[in-house]
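Indexing begins at 1, ligand by ligand and atom by atom, following the structure's order. As a basis for the values below, the full set of heavy atoms in this structure was taken, side chains included, without hydrogen atoms, waters or symmetry mates.
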Amino acid sequence: MEKGQLRAYKAHCLILPYPSQGHMNPMLQFAKLLDHKGVRATLVTTRFLYKTMHSSGSSSAAWETISDGFDDAGRGDTNTDIYLRRFWQVGSKTLAELLEKLSNSGSPVDCVVYDAFMPWPLDVARKLGIAGAVYFTQSCAVDNVYYHVHRGLLKLPLADGHSQISLPGLPALDPLDLPSFVYDCRSYPAFYSMLVGQFSNVDKADWVLCNTFYELEEQVVDWMAKLWRLRTVGPTIPSNYLNKRLKDDKEYNVNFFKSDNDACIKWLNERPKGSIAYVSFGSIAKLEDEQMEELAWGLRRSKSSFLWVVRESEATKVPKGFIEETSEKGLVVSWCPQMEVLAHEAVGCFVTHCGWNSTLEALSLGVPMVALPQWSDQRTNAKYIMDVWKVGVRAPTDEKGVVRQEVLEQCISEVMEGEIGEEIQKNAVKWKELARKAVDEGGSSDKNIDEFIAKLQNKS
Ligand code: UDX
């Protein structure tokens with residue numbers, strides 16, 4: 001038996017992420033970690049997604065499916081509120097059937113680890129006498145803001161001219177540092193309800209797991225751990241990037257988008273160390289046309305070369321002729337192997353929307369960031385990147401909320417060179433080391449995972 005493995009009884013966890021790229025990636029990595037430590041981990045996704053996702057490797061974890069009610073053609077343009085209700089209704093039924101099936105086939109489930117975005121799997125598990133662990137895929141700081149809204153401790157909408165917001169465990173936040181669904185609580189009612197609803201039954205969960213690490217969010221973790229059995233288990237990113245290759249570990253992620261990995265890496269291989277600004281806005285964010293144009297011209301003005309991910313659905317917003325004009329200094333692709341790119345020595349900074357996975361990935365690989373948060377939790381992450389962890393700068397916007405080209409140019413050079421850049425790069429190295437320590441044997445996250453597993457195995 002390898003060191004770090006706990007093998008008394010092979011407990012079985014069902015891992016149920018919210019069906020989107022930014023949620024499946026970390027929960028897939030968590031499943032792999034459990035598998036490595038001797039727990040049987042079965043991933044669950046919707047029937048439609050299972051048919052459509054691309055995996056650039058194979059996992060030792062198994063997959064099962066449930067239904068969100070849109071098995072044949074996917075949810076398409078279905079309104080989010082309708083989609084979530086249908087998923088809750090059909091998902092609960094098909095999850096119960098799956099749990100029964102696994103039990104009858106001699107693989108009973110000991111614990112359902114479910115994404116906090118969907119609290120209903122806990123009710124299904126409870127009815128069948130199965131333990132439940134809620135898994136938060138966003139930062140503890142952000143979760144804490146939603147918790148305060150849920151409990152009515154942060155009153156919304158904020159009064160006009162509301163100045164700073166003080167919440168336990170968090171630095172003073174400006175209204176614009178709050179998650180967008182809190183600041184603009186009326187703009188996306190379905191998302192608002194989903195995010196605040198993460199806490200609807202959390203008191204009943206056996207475990208509260210968070211994809212962060214203790215050292216990164218010490219104060220807020222300490223505060224939230226007084227409320228529940230909260231444990232930090234991150235960063236759950238592919239282990240080979242944390243110098244910790246797990247058995248059967250291949251470089252893979254579940255990808256909803258196709259990418260020409262070899263072309264990206266070949267291009268990077270030909271560039272000098274630390275010379276590239278990597279630019280990506282994750283799997284969901286849609287930039288305003290004007291912002292996209294400013295971004296393009298900012299990259300053209302910048303001294304640095306760039307690798308820019310523009311998803312197919314965003315491609316028409318790239319200014320005409322830009323790609324041809326900048327082909328000497330830049331590569332535009334529709335998707336890339338982000339972990340491999342961030343780990344590449346040619347990359348000197350990450351111009352990012354600050355999705356939580358991108359933030360954790362850059363932190364864990366020591367890549368300085370230029371933050372251009374778009375919506376959701378990204379503004380709060382940007383606040384931490386610049387003011388708490390000091391691993392990047394947040395690009396200032398004008399009165400229309402647009403980051404102008406000269407501002408972007410300035411921010412890229414600020415993080416890549418000069419005194420400020422040096423300080424940022426030093427901090428980036430510090431956080432990279434702390435992230436590694438957290439997941440290394442005996443590190444804060446590693447110990448928490450071992451404790452979770454030990455409890456599961458002893459229970460049975
Ligand atoms: C969403 C939300 O927007 C984010 O704010 C929230 O914290 C999680 O869910 P997304 O916008 O896709 O996620 O951003 P992010 O969290 O950064 O996740 C994107 C994932 O896709 C990352 O794991 C990243 O490595 C991967 N990716 C992105 C690629 O593999 N290739 C790419 O070209 C771009």
Side-chain angles (χ1 to χ4, degrees), residues 17-30 32 53-57 80 115-118 135-143 145-146 178-182 188 191 194-195 198 210-212 234-238 240-241 251-261 263-265 267-268 278-287 306-315 331-344 347 350-365 367 369 371-385:
Y18 180 79
S20 79
Q21 182 79 66
H23 290 245
M24 293 186 70
N25 281 3
M27 291 188 79
L28 173 63
Q29 298 308 325
F30 186 61
K32 263 172 62 180
M53 60 198 192
H54 313 281
S55 172
S56 50
T80 302
D115 195 315
F117 274 27
M118 314 177 297
Y135 186 103
F136 282 85
T137 56
Q138 298 189 332
S139 77
C140 271
V142 165
D143 299 333
V145 174
Y146 288 126
L178 290 169
S180 65
F181 304 135
V182 171
Y188 295 96
F191 286 118
M194 177 169 75
L195 285 149
Q198 294 181 102
C210 291
N211 183 17
T212 185
T236 45
I237 65 173
N240 46 322
Y241 294 104
E251 281 172 22
Y252 77 95
N253 256 335
V254 168
N255 276 318
F256 294 0
F257 307 90
K258 280 197 182 130
S259 82
D260 187 346
N261 296 358
C264 291
I265 302 305
W267 187 84
L268 286 174
Y278 166 58
V279 188
S280 168
F281 291 82
S283 63
I284 302 168
K286 294 177 185 149
L287 271 63
F306 61 86
L307 170 60
W308 183 12
V309 177
V310 180
R311 297 191 316 275
E312 254 166 44
S313 55
E314 294 280 282
L331 179 66
V332 179
V333 296
S334 61
W335 194 250
C336 78
Q338 179 161 304
M339 287 302 298
E340 221 176 324
V341 167
L342 287 173
H344 200 288
V347 171
F350 183 12
V351 178
T352 172
H353 70 313
C354 310
W356 185 236
N357 297 293
S358 293
T359 303
L360 270 184
E361 289 163 5
L363 272 165
S364 307
L365 292 167
V367 182
M369 288 175 260
L372 268 76
Q374 299 300 306
W375 71 332
S376 187
D377 56 337
Q378 297 156 15
R379 293 166 176 175
T380 320
N381 299 340
K383 161 79 183 167
Y384 272 75
I385 287 169

Donor-acceptor pair, side chain of Q21 and main chain of F256, under 3.5 angstrom: yes
Donor-acceptor contact present, side-chain W356 to main-chain N211, <3.5 Å: yes
Proximity winner for atom 12 (O) of ligand 1, if only heavy atoms of S20, S283, G282 are counted: S283
Under 4.0 Å to a heavy atom of S358 - the qualifying atoms of ligand 1, by number: 15 (P), 17 (O)
For ligand 1, the portion of S280 having any non-hydrogen atom under 4.0 Å away: side chain
Flag side-chain contact, heavy atom, 4.5 Å: Y146 against Q138: yes
Option among V309, V367, V347 that satisfies the side-chain contact (heavy atoms from CB on, under 4.5 Å) test with V341: V347
Heavy-atom side-chain contact between V351 and W308 under 4.5 Å: no
Numbered atoms of ligand 1 (with element) below 4.0 Å of V309, judged on heavy atoms: 33 (O)
N or O pair under 3.5 Å between N381 and ligand 1: no
Approximate separation, where rounding is to 0.5 Å, of T359 OG1 and Y384 OH: 12.5 Å
W375, any N or O under 3.5 Å of ligand 1 N or O: no
Ligand 1 atoms in contact with H23 (distance to a heavy atom under 4.0 Å): 9 (O)
Sub-3.5 Å N/O-N/O distance, N357 and ligand 1: yes
Ligand 1 versus N25: contacting region, heavy-atom distance under 4.0 Å: side chain
Which segment of Q21 sits under 4.0 Å of ligand 1 when only heavy atoms are counted: side chain
Check: R311 side chain, G282 main-chain N or O, donor-acceptor pair, under 3.5 Å: yes
Option nearest atom 23 (O) of ligand 1 (shortest heavy-atom distance, choices R379, H353, M339, E361): E361
Polar side chain donor-acceptor pair, Q338 to Y278, under 3.5 angstrom: yes
